Amino acid sequence: MLFTVNKSPLTSDNLKTCLRFAKKGNSVLLYEDGVYGAIPGTKVESVVKEALKSIEVFALKEDLKARGFGEVIDGVKLVDYAGFVGLVEEHNVCPWL
Amino acid sequence: MLFTVNKSPLTSDNLKTCLRFAKKGNSVLLYEDGVYGAIPGTKVESVVKEALKSIEVFALKEDLKARGFGEVIDGVKLVDYAGFVGLVEEHNVCPWL
Amino acid sequence: MAGEDLNEEERSEEDKKKFLFLMRKAPYGSIYPQGGLEVILIMAAYDQTISVLFADDGVFCLKKGQETAGIHVKDFSSAFKVLESYGVEHLYVDKTSLEERGMKPEDLLTGVEVVSSDEMSGFLSGQDVILPF
Amino acid sequence: MAGEDLNEEERSEEDKKKFLFLMRKAPYGSIYPQGGLEVILIMAAYDQTISVLFADDGVFCLKKGQETAGIHVKDFSSAFKVLESYGVEHLYVDKTSLEERGMKPEDLLTGVEVVSSDEMSGFLSGQDVILPF
Amino acid sequence: MKFGILILEGPYQHQAGDSAYNFAEAAVAKGHAISGLFFYCDGVQNATTYMTPPQDDRHISKRWAEFIAKHGVDAVVCIAASKKRGITDANLIKGARIAGLGQLTELGIESDRLIAFGD
Amino acid sequence: MKFGILILEGPYQHQAGDSAYNFAEAAVAKGHAISGLFFYCDGVQNATTYMTPPQDDRHISKRWAEFIAKHGVDAVVCIAASKKRGITDANLIKGARIAGLGQLTELGIESDRLIAFGD
């Protein structure tokens, strides 16, 4: 299962509630404003670090770059749109809008 | 100053960040999905109760009724649309969208 | 689409897909829950497996006593009551979401199964299509 | 509108209004920040007092190094750099919002005044018009 | 008092346009003047004559047109936002006009209060 | 694989429509088929020919029309949502068709994956 999260976790609870449903072995893709969850040093960094213990977290490179960020929290994997498509090949998708 | 808040505080940080800027004597109007902040027993009730110590909190009756609620946290004042207009007569407005 | 000429009788059990409607948004603030409801009512005419999960602000969709006259929009909440008669298999409500909103099952306008997010995790993975509204 | 035939020279200092643009939304996810920016650039031609406060996700609008080619939308961030030359009086950034996002003033693409929400409270009350974007 | 109203979201998708309308109605019912409506961003979609909602639902653009006519309100639809979204004089509700963002500044200057509805 | 794509937000206001387009482009670039596009709620606005965005900005409906033609994709625009928002055959992009919500069910059945973009 791939959860796709597009809201900024700095202002929305979306990522947190998504993680309540994401179980071991699931993946979460952060895209659009969701990518702010991938950058280091924010107030939600600990939430993402905790999640990384049991699930895979991806961030969409194009959206990160658009927003002026490159570096991500250790363990978060960067994917481009082709990688996004690859994740959808591998998993059923649960869009967490 | 009247802050108008239209997002559900159960999923959005809007109400919390608004309250950081609202100082003693200011007012906050909860409308649209913002009215969920006015109902008793939610996980954000304590935030609203704390706010009521220094500011006035209003909730739009029409939006509450539409959503199936009537009862509100002690101290929250109900206004109808005429009351909303009255609040805007009295205060400059800061829409906290 | 190729599927158009298949009618429901022609679909065998194995052809059925599992559709889950994930209702996570409050009613009236946006069109989403109403939009989801309209899809469910149409999809019910197809012979598929349909479940609905209400989580986060989506649980507010099921609140009893909605009266929308004052905001001049259509009250669509009563339609949620008929979903079971439309053949929707399961109506689930996330327990934590309900509790965080100070709500009890008796506040809801239809009978639902209150479930934990742990129980739902596996269920989500078993769905073919998840539609978010 | 009656005001249309007044040009800026004809307005006395007392006629000036204080406009505050409250930028609280992240760029690109929605049109809001770009919409606000376009209003500011037009309003600058009028002889009014304009301030901008970046708070919450709005501080992300000022992040250096935005490159939008990959998502095929226009990068409008450079326009924020020219606001002061357009006569915008103050560019404020809320300190807490910046800190919660792990950002420092040097991450921002233009010089701003970093302020506390306490300082801003009084300032907000003194505005004639607050436009949220 | 003179109230200006800014509408930033389109019809049916978000409640913002409904709230703006309900507020405007309540304001005139209390004897206030609406100094102007400004439709911006997706808000411009509220002003299209092309919508044909179901009979049992509100007709958002017709409702605004009637409000504008009844109370003689100046209603401005942002030209840049309209171009992006396909609003032209051909599908603009009666009583509204397409104009630039300068009109929003004018509205802010002319109004005792300018209140925004969006998402 | 066959990917179905559901678009729930309108053009320019939210990133959802852009993300859907970028995803669809990347999917065909990887050799996948797009089994269908379904435009619902404000998403129907992506399919209007009436938009005339600035030269230096993307033309969202033209981009979809070109994508649909190039890859022979079935693109359905929800009839109920279109009526509320003024989309008709008169302003519908080439290659798209207006139809009912049953088509979304069909798309779900026909696709290996159905992925939604919204807000």
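Proteins get letters first, then strands, A, B, ... in listed order; numbering begins at 1 in each. Values reported hereafter were calculated over all heavy atoms of this structure, with side chains retained and with hydrogens, waters and symmetry mates removed. Computed from a prediction, not measured in an experiment: that's the story for all the values here.
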Discussion item. Checking A:D63 against F:Q15: is there a side-chain donor and acceptor pair closer than 3.5 Å?
Written reply: yes
Discussion item. Out of F:G118, F:A27, F:A116, return the one with the most heavy atom pairs under 4.5 angstrom to chain A.
Written reply: F:G118
Practice prompt. Counting only heavy atoms closer than 4.5 Å, note whether F:H14 contacts chain A via side chain, backbone, both or neither.
Written response: neither
Item to complete: Check F:F39, F:W64, F:F117 against F:Y21 for a ring-ring contact (aromatic ring centres under 6.0 Å, His included) and give me the one that passes.
Response: F:W64
Fill in: Side chain / backbone / both / neither for F:A29 at chain A, heavy atoms under 4.5 Å
neither
Fill in: Toward chain F, the part of A:N6 with a non-hydrogen atom under 4.5 Å
side chain
Discussion item. Determine whether a donor-acceptor pair (N or O, by modelled atom type, separation under 3.5 Å) exists between the side chain of F:R113 and the backbone of A:V88.
Written reply: yes
Item to complete: Please answer whether the main-chain N or O of F:A99 pairs with a side-chain N or O of F:Q103 as donor and acceptor at a distance below 3.5 Å.
Response: no
